[in-house]
Structures are given as C-alpha cells and as structure tokens.
Amino acid sequence: MSLLVGVDDYSSESDVIIIPSALDFVSQDEMLTPLGRLDKYAASENVFNRQMVARSLLDTLREVCGEERDCIAVLERISRLADDSEPTVRAELMEQVPHIALFCQENRPSIPYAFSKYLLPIVVRYLADQNNQVRKTSQAALLALLEQELIERLDVETKVCPVLIDLTAPDSNDDVKTEAVAIMCKMAPMVGKDITERLILPRFCEMCCDCRMFHVRKVCAANFGDICSVVGQQATEEMLLPRFFQLCSDNVWGVRKACAECFMAVSCATCQEIRRTKLSALFINLISDPSRWVRQAAFQSLGPFISTFANPSSSGQCFKDESKSSEDKDRIRDDGVVQEEQSRPEDAPSDLSAPHSSARLDGTLEGCAAETPGDSAGDMRVPADSSLLCTLSSESPQEAASDAESGKKHDNNSKSASRPDVGTSSPEPTPLDQEMFNSFHFWRTPLPQIDLDKELQQDPGERPSPERTGDAPAAPVPGSPSITMATRKELEEMIENLEPHMDDPDVKAQVEVLSAALRASTLDAHDEAGGAEQRSELQDDAVGAGGELPNCSISEDTSEPLVIAAEENMEATPDYIHGGADVGPGGGGGFSSDEERRPKVQDVVPQALLDQYLSMTDPSRAQTVDTEIAKHCAYSLPGVALTLGRQNWHCLRETYETLASDMQWKVRRTLAFSIHELAVILGDQLTAADLVPIFNGFLKDLDEVRIGVLKHLHDFLKLLHIDKRREYLYQLQEFLVTDNSRNWRFRAELAEQLILLLELYSPRDVYDYLRPIALNLCADKVSSVRWISYKLVSEMVKKLHMATPPTFGVELINELVENFGRCPKWSGRQAFVFVCQTVIEDDCLPMDQFAVHLMPHLLTLANDRVPNVRVLLAKTLRQTLLEKEYFLASASCHQEAVEQTIMALQMDRDSDVKYFASIHPSSTKLSEDAMSTASSTY
C-alpha cells in the first residue's frame, strides 16, 4: 500500500491532491548551473531574492573561476544587477564589491582587468546615487579598495578623481558635495603626494572658501591636517595656510572648532618660524574664541601644539655634536646647555671652561664682536624705562640674529627692549675662560638696562675695576642706588593696583617682576665693592633668586655673553615679560623660595602659549571651558616638559604639583601613568627633588591611581639613586592591600613588577623584602596571580643561587619546602610542584643542585592523597624533568629515583595519573593542559 501525501480520507481516489514539498524546488535549483541560478533569481520580482543574488555573487565566482568565459558572464550580470531600482539591492551589491575585487585580484590571470572594467565604474557611479545608504556603502567600498591597493594608479587619476571633482562643482547637490569633499580628504594619504597636489589640492582650496555651504568648510577644516601632512611643507605654506587662516576666523563656530582640533597636524607641516610667528598668534585667537566649544577644543590641542616646538638640542634628550661650523656655533645658545649624552643641565659644572666648549664660545663671541661696528658712546646708551619692565621683541629669532649681524636695532615699539650693541673687539688678550664663561655670565638672563658709557670711554686695553664702574654716570636701573624714592613709591603703587587682579596669570607675572625690581632697588651699592669673593657670592645669589643684580654696570668683556644671550632670548609674543627667570647649571633641586616665586619664563615656545597652558589648572577654567580641562593638561604635560627641556622645568613645577593634588582622581591617575616618562625627561636630580614626593603621594592614593605607578614601578625606581631606591622596599608590602579584595589584577601586576625589580636590588634586599611578598602571592586565591608568582619565585631562586655565597638561595628553597612542599593544604603542595616545574623549565638551578635540594621533596608527593597533586607531579616528571640532558645521559641515583617514581605513578589508582605518567613527553606539553588543572583550584 503506497503512502500518498495530502490525501483527503473523505474523498474518492480520483480526487487525491498531492502537495509539492519544498525539497522539490531545492532539487530543481541543484539541477541548474551557477549561471542559471543567478539568472533565475536576478530576474525575480521578489526583492529578497535579488538581495540573495547580490550576497551569493562571490560564491558563484568561485564556482566558475576555472572558466574565463563564465567569470566574465558573472561580472556582466553584476553590471545589470547594479541597475536595480531597489536601493537595498544596490547597497547589498556594493557591500560585496571589495570582496569580489580581492577575488579578481587573486585570480588576475583568469580574469584580467575585470575590476577596472566591470566593478570600478559601479563604485564611482554610486557615489552620486540618490539614496543615502547606497552612497555611504559606495564611499566605504572605495576607501576599502584604495586601502588594499586594489585600484590601479591610472584608474585613480582617470576614473576616480575626475568624478569626485565633478561632484564638488558649485552646481552639485549639497549633500553629495559634502560627501565628495570628505572622500577626497580621506583618500589623499592613500593616493600619495603627487596625485593629491595635481588633482585634489586645487579643488580642496576652492572648497575651503565655499561661501554657501558651511558644511563643506567644516569638512575641509576637519581634514586640513591630513592634507597638509600629505602635500608637505612647501605646498602647505604657499597654498594651504592662507585658507587655514580664513577657516580659523570663520563665522561658524563648528568650522573654527574643527580647525582647533587639527592644529597640531597643521603645525607639524610648517617651519619653525611660521609656527612661532603666525600659528601661535592664530592659536591664541582660538583659545579666546567667544564660543565655549571652540575654546574647549583649543585647550585640548594646546599641549600637542606646544609639543611641535620641540627641538632635540634643547630638550636635553640628545647628544650635542661638537661641530666647527658657524651654524653649530650659533646653536650653542639654543638653550644655554652644553652637555654630553648622559649629562643633565642640573649636573653641569658652574665653570664651563672645558677646552672645546671655551673654543666654541670664544669663536662665537669673537665673530659677533668682529661683525659689530664701533658705534659712538651716545649710540650705545640704553634708555631707562620708567616702569622698570623689559618685554621681549615681537620679532622672530631669525630677525633678531639679522639685527645682531648688522649691529643695530631700530625698534622703538614700547613692547620691545633695546639691546646694546657691542663695540669692536679689543686687541688685548681676553680674560681667562674661567672668568668670562662662568656660570653667572653664561646662564644668566641679561639685565634689561645696562650702562656701557664708562666702558666705551675707557682705553680698550684697560679693564675698569668694580669701584670705577660703580662711579660712572648711568641710567637708573633696578637694583641701583640711584633709583629715587619716587620711583620706588611708583613701583609700590603699581603692585598695589595689580594685586586685586592676581587671578590673571599675566598680571601675576607682572606683579612678580615688579616685586623683584622693588626688592633689588633696596640693596646697597657698597655690597658690590667688597672684593672678588663677595662679588662672586652676590652673583650666585642673584642667579638663584631670579636674576636681580645690585649693580648693573658691567665691563666690556663680560657684556659680550650677555648680549649674545639677549639675542637668543628674543621671543615672538608681546606678552613675554622678562623676569630674569633662568635655570642655572646646578638647578636640580633644593630651590629657594625666591626661585620658586620667579616668573615662569622661557624661550622655547611663545610665552603666551605657555601662559595659557599653565592657566588650565585654574578652577575658573573648569567652569568656563571644560570640566575635564585639568585632565587634558595632565595628559599632555610630559610632551610639554620634553619640549621645554629640563632647564625650564621651573615653569611647569607648580602646575604639576597642582595637578597632582587635583580633586578628580582621573587627573591624578593620568599623572600616575606618565610619571616615569617625566622622570626620564627631567633627570635624576630633578626627579628626586620634585617627582619623588608626588610619587610617594600616589602610592597612598586610590587603587585607580596606584595602578598607574604600579604598572611602571620598575621604570621609575631604576631612575633613582640606589639609596633612594631602597627606601621603597618598605612600601612594597602595601601593594598587597587594596580597596577591593577582588581586585586580583592589582596583585598580578605587582608580581610582574617584582620580577623586574629583582635586578635593581641586592640578594640581601631580595631575601629580606621581596621574598615574603612573593611567597604571599604564591598562595593567592586567584590562579592567574599564582601563575605569575611561580615565575617570580623561580627567578628569585635563580638570583639568590647565583649570589656569592648562595646562602640566601638555599634558605629560600628550604622555606619553599617547608611552607609549600609540606603544606597541610593540597593547594600548597600543588603550588610547590608548579614552582619546581618552572625552575626546571627556566633553568633557574643547575640540575645537580635541583636534584639535591628540591627533587627529593618533589618525589615524595607521589604518595599524596589528592589526585590533582599526583597528576601535576606526573606531568612535571614525564614532560619536563626527563627532557633535561642531566637525567637522560647520566645513570645516577637521581635518575633511578625518578624512574621508580614514574613507574609507581603509572600504576596509580587514578586514571588521569596513569595517563600522564605513561605518555611520551613529546606527545603533549604541560602548558597545554596545566592551566586547566590550575583553574580547577580557584
């Protein structure tokens, strides 16, 4: 009796209805060829069928890849499918194009030029599709194809770029134009400088000036940095910078915000002069923008922008090559630092009289003196400033150097300070190098007002004495007894008027300078005439206290290095207030209160930028700009410190201390993660003086902050002196205590750091302080912590055993045996096996020593009552110990004991123990399955 499907029991046999199964349709499709199935579903009126065709195109190509004609037929059907009226079908097709293109590239001999002829035109055409989803998928496909280098260079020039240029035409659709500009900017780094300059750059410059669509200008501003980095410095300065200035002053705040965000990339593509003279002023405008969002973006980019001023010769991180070229001679004055590769400014001797240094300095000074024309005494007089302030010129350093060569400076602007020109060099021998190039003359920032009348009126061969120069008629200068009481009263009134506005960093700097001038004016002139020894002491005190000298009359010889330093200190910002702030060669630590109060002035970056950066810690900034502005300041501080160099650390010290005590733990956490990098930048003396106290505070902070110093504990401690480093041995135990006992990653990180710290301490310190922590971690509740701790203990055994004598190593082994090998808990005995296995694998002990000290206790665990211990023992003996040459070659009693133990384990009542004791060592490894055993002991 046959079984009929769909039979109605109440009808006659002639009325039987047979319902077709879905399997019948499947069998019909299987009978079709790949191309037949493709044609069948591509012509379907069902949208889902056509979507399925688009998804299966790659599979179809793989089926017919052996026949070139069939591959071409599939690609032709793709072209017809691209004309589908349903946007979802076109979008699905475009998602498959990068995969199909990659397949065509791999099978290029079978289907040459397939992508260029069939697929690329579809991608380019969809860039202007009316449907937004289709356009987005085509844009993503184009970028993916360019990134994978699947589009030929000729096709980019002839098929892609012309279409994008047409889409950005003035009469193009607004949305399409905006998207096309974005695509052009994103593809520029992929197509290279040549195509970008010839085809993309002209249209990009036009789009930056699109007056009708601010969206287009915003896209251009957001990608401005990428374009600059591709086309290089010349094209950036000639073509792009004028457009960038326009965008930064755009009337739409979103455009200005995008400019602020890409400012660093634009700065990297320009020269130092433009960066200092033009971009700095432009950035100050963005920082003071009326829009809060623009100011917020500008402050976030301030630190990165300052980092673009970094100069290896002034950061203290490179070796200064002793070249004899005049250019290198001039660079001796870049930051006032002459150092070798490992030297630091704070280590530099106060007497820079080394032969090569003296020769270079002497040559430089003689060159400057020779080039300077001998002006009259009247031309050399320096006018006195009634406000007793000296601000630097707004000209560039290059212009300042040019003025130095010409011998004159014609600048009567109230913002600039007059510089005295040096007369013709004396034919008489110059003073000793020790006298001319001592630390005071070389490092000291020149005083703003200098009277050279006395020196010029004397005979060139005669050197005036301090007494005679003190009697010379001179203009009133700070610290001179000739300052009248009225002038002092005027200073006091100015300070009193400015004190209510001390919240402003600029006003605060002015008050500090005025206060220093007022203090200096009260000194008596007879202190200067007390002899050479007293004069030297006064000079040292003046350098330490901010650079105010009681008597500003100097000799002709000593004026030369001061004039050179003055030329170098010319800065391109009108807000640069000269306060005599400088770092002496010994400026490592132990700063006096006067030094701490000195103005934060330097000559590496425009002072206005640094002042704005220092103001980021002002609480008012969090209310008016960004609540996380302090975090951005902390994040970029190491880069700013590297840019300024360690000789200008005094500018950042107070800011760093403020950030380190910030109420937000995220700010302190940011500093904690970077304090080791800052220590490298500053050097050991500044680190010990300024960073160690903050580091100690972080050690007692929240776990979120402590993890920052813990992750780089070794990196920081290795920079400290051995005595200072030993002080932290007492605090390592505190890392075992966390706010949350479940924070096991904290203890795991501690174990990893202790492994690195072993090299920094003596065997006695390792045994006394690190050993208890390591043994504690070996008994941790979390297996991941224990695994790292086993490695720590094995490395500790290795270090202590290699010490002379190896007493500490033997004592540690005995402690391992007592605390773990004979532990009443089975997890402790298992930990002992793990430690032994790690010691064997890493060769921490010679095998003869291992056989004497550890192996007897290890073999006794063959009778352990817990199977997990015996399983691990079997793995260790069979897969690790027996692979060592010592147990393979020698027929010693130790080898016999191992073989007997393995035979006993092979007859164990537990099947797992039998298995691991019987298998060949090469068939499996402990690392493959030991973790499963360890995890079972969680």
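Source: prediction; values computed, not measured.
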> Which residue pairs pass the salt bridge (Lys or Arg N to Asp or Glu O under 4.0 Å) test with at least one member in residues 218-232, sequence neighbours excluded?
Replying inline: none
>> According to salt bridge (Lys or Arg N to Asp or Glu O under 4.0 Å), does anything in residues 247-263 pair up with another residue at least two apart or in another chain? List the pairs.
In response: Arg217-Asp250, Arg256-Asp289, Lys257-Glu261
Can you find a heavy atom in the side chain of [X] that is under 4.5 Å from one in the side chain of [Y]?
| X | Y | result |
| --- | --- | --- |
| Leu201 | Leu240 | yes |
| Leu57 | Leu81 | yes |
| Val160 | Asp155 | no |
| Cys271 | Gln233 | yes |
| Thr643 | Thr308 | no |
| Cys161 | Met184 | no |
| His632 | Phe299 | no |
| Ser172 | Asp166 | no |

Once side chain to side chain donor-acceptor pair (under 3.5 Å) is applied, do any residues pair with [X], and if so which ones, sequence neighbours excluded?
| X | value |
| --- | --- |
| Glu147 | none |
| Asp174 | Arg212 |
| Thr88 | Gln51, Glu86 |
| Asn223 | none |

Minimum-distance pair of heavy atoms, taken over all atoms of [X] and [Y]:
| X | Y | value |
| --- | --- | --- |
| Ser79 | Ile122 | CA-CD1, 4.1 Å |
| Ser267 | Phe305 | OG-CE1, 3.3 Å |
| Ala91 | Val134 | N-CG2, 4.1 Å |
| Leu127 | Arg135 | O-CD, 3.4 Å |
| Pro162 | Val156 | CD-O, 4.2 Å |
| Pro121 | Ser116 | CD-O, 3.5 Å |

Would you confirm whether [X], through its side chain, and [Y], through its main-chain N or O, come within 3.5 Å as a donor-acceptor pair?
| X | Y | result |
| --- | --- | --- |
| Thr158 | Leu154 | yes |
| Glu749 | Ile707 | no |
| Ser249 | Phe245 | yes |
| Arg203 | Leu199 | no |
| Ser307 | Pro304 | yes |
| Arg90 | Asp84 | yes |
| Ser301 | Ala260 | yes |
| Arg50 | Ala42 | no |
| Arg275 | Phe309 | no |
| Ser636 | Gly639 | no |

> Run the side chain to side chain contact (heavy atoms under 4.5 Å, CB included) check on Val782 and Arg747 step by step: do they pass?
Replying inline: CA-CA 10 Å; Val782 181; Arg747 301 189 297 276; 3.9 Å; yes
What is the distance from atom [atom1] of [X] to atom [atom2] of [Y], rounded to the nearest 0.5 Å?
| X | Y | atom1 | atom2 | result |
| --- | --- | --- | --- | --- |
| Met207 | Arg243 | CE | CZ | 11.5 Å |
| Ile100 | Leu119 | CD1 | CG | 6.0 Å |
| Ser138 | Glu179 | OG | CD | 8.0 Å |
| Phe115 | Leu120 | CZ | CG | 4.5 Å |
| Lys791 | Glu752 | NZ | CD | 11.0 Å |
| Cys259 | Leu282 | SG | CG | 8.0 Å |

Who pairs with [X] by side chain to side chain contact (heavy atoms under 4.5 Å, CB included), at least two apart in sequence or on another chain?
| X | value |
| --- | --- |
| Lys117 | none |
| Thr178 | Met213, His215, Val216, Val219 |
| Asp843 | Lys884 |
| Ala874 | Leu905, Phe916, Ala917 |

Is it the case that atom [atom1] in [X] sees more than 12 heavy atoms from other parts of the structure closer than 6.0 Å?
| X | atom1 | result |
| --- | --- | --- |
| Gln234 | CD | no |
| Lys186 | NZ | no |
| Tyr635 | OH | no |

>> Can you pull out every ring pair (Phe, Tyr, Trp, His ring centres under 6.0 Å) where at least one residue sits in residues 155-207? Sequence neighbours excluded, please.
In response: Phe204-Phe224
>> What verdict does the salt bridge (charged side-chain N to carboxylate O under 4.0 Å, His left out) test give for Lys875 and Asp912, after you've listed the backbone C-alpha separation in whole Å, the side-chain angles of each residue and the deciding distance to 0.1 Å?
In response: CA-CA 10 Å; Lys875 293 178 183 178; Asp912 291 334; over 6 Å; no
> Step by step, would you call Arg745 with Asn743 a side chain to side chain contact (heavy atoms under 4.5 Å, CB included)?
Replying inline: CA-CA 6 Å; Arg745 291 181 177 85; Asn743 189 6; 4.2 Å; yes
> What side-chain hydrogen bond (donor to acceptor under 3.5 Å, both in side chains) pairs are there with at least one residue in residues 192-201, not counting sequence neighbours?
Replying inline: Arg153-Asp194, Glu157-Arg198, Asp194-Arg198
> Does a side-chain N-to-carboxylate-O contact under 4.0 Å join Glu63 and Arg37?
Replying inline: yes
> Strictly under 6.0 Å, is that where the ring centroids of Phe263 and Phe244 end up?
Replying inline: yes
> Are Glu883 and Ile840 close enough, and set up right, to give a side chain to side chain contact (heavy atoms under 4.5 Å, CB included), and what steps lead you there?
Replying inline: CA-CA 10 Å; Glu883 287 188 335; Ile840 298 171; over 6 Å; no
